[in-house]
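Note that the numbering runs from 1 along the sequence shown for the chain. As the structure lists them, so they are numbered: ligands from 1, and atoms in each ligand from 1.
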Amino acid sequence: MGFGKLFIVSTPIGHLADMTYRAVETLKSVAVIACEDTRHTGILLSHYGIDKPLTSYFEHNKHFKSRGIINRLTRGEDVALVSDAGTPGISDPGYRVIHDAIDAGIEVVPVPGASAAAAALSVSGLPTDRFVFEGFLPPKTAARTKRLAELTQETRTIILYESPHRLCRALRDIQAVFGDIFMVCARELTKKFQEIRRQKVSALIAHFEETPARGEFVLLFNLRTQRELSP
Ligand code: SAM
């Protein structure tokens, strides 16, 4: 018997219906699903009537769990990897087991779908022909400012992920490094309280100082295109 396949399966970033047919079929077909949080993924699986064993694979057990997953694959079992939201490997654990699987001669199969970066870019109104995904900025101000300063000459659209409790600090650092630039702030994409703000960074800071930042955020800007767009 040959090796199994490792399927990298994207799941919704909010709206449960943003699951592809192929993602559902794949999750129904594999022997086991590796996921970050078994309770969180359990909700998605029960919504789609998928009854499969789950095994946890997250940031702090990824080295150890990767070995177990590779063992199953080499025994001929198909395995699916999902994360809590969106595409595994995009600011989510995935790299370790994908790297190890390729190293072991196992086929890795993409089952593409939602990702917050692509969703935000698609509605931003900013240039999409060339863009750069910077993921999460460092949490501390000094390192964050340094990372931002490295981007001063960047001409492509820049995409960042940010957590709600660091949002205002990150926006202030962006203003300190680049000035009062025009930005797009995409909050809670595909969810009930989705909000896309296209404003100067000073206006975003004023807004989120007034209205506490809640939910999940993608920030985008293009240092060359500074023409403001309305909603
Ligand atoms: N793997 C995911 C993807 O493909 O987009 C990203 C996971 S990362 C741990 C979580 C971050 O993604 C959040 O802090 C936020 O920056 C962004 N994000 C995820 N879902 C989002 C949503 N519905 N709206 C806005 N941002 C979102």
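Asp78 contributes a side-chain N or O that, together with a main-chain N or O of Lys5, makes up a donor-acceptor pair within less than 3.5 Å. Without hydrogens or angle criteria, Asp173 side chain to Ala170 main chain gives no donor-acceptor distance under 3.5 Å.
Near ligand 1, residues Ile13, Ala85, Gly86, Thr87, Ile90, Ser91, Asp92, Ser115, Ala116, Phe136, Tyr161, Glu162, Ala186, Glu188, Leu189, Lys191, Glu216, Phe217, Val218 each place a heavy atom inside the 4.0 Å sphere around the ligand atoms.
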Between Gln199 and Met183, is the side chain to side chain contact (heavy atoms under 4.5 Å, CB included) condition met? List the steps.
CA-CA 6 Å; Gln199 291 178 306; Met183 293 188 68; over 6 Å; no
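Comment: Arg172 engages Glu209 in a salt bridge, judged by a side-chain N to carboxylate O separation of less than 4.0 angstrom.
Residue Leu160 is tested with Val132, Ile174, Leu220 for a side chain to side chain contact (heavy atoms under 4.5 Å, CB included); the sole match is Ile174.
Atoms CG and NE2, on Leu16 and His47 in that order, are 5.0 Å from each other to the nearest 0.5 Å.
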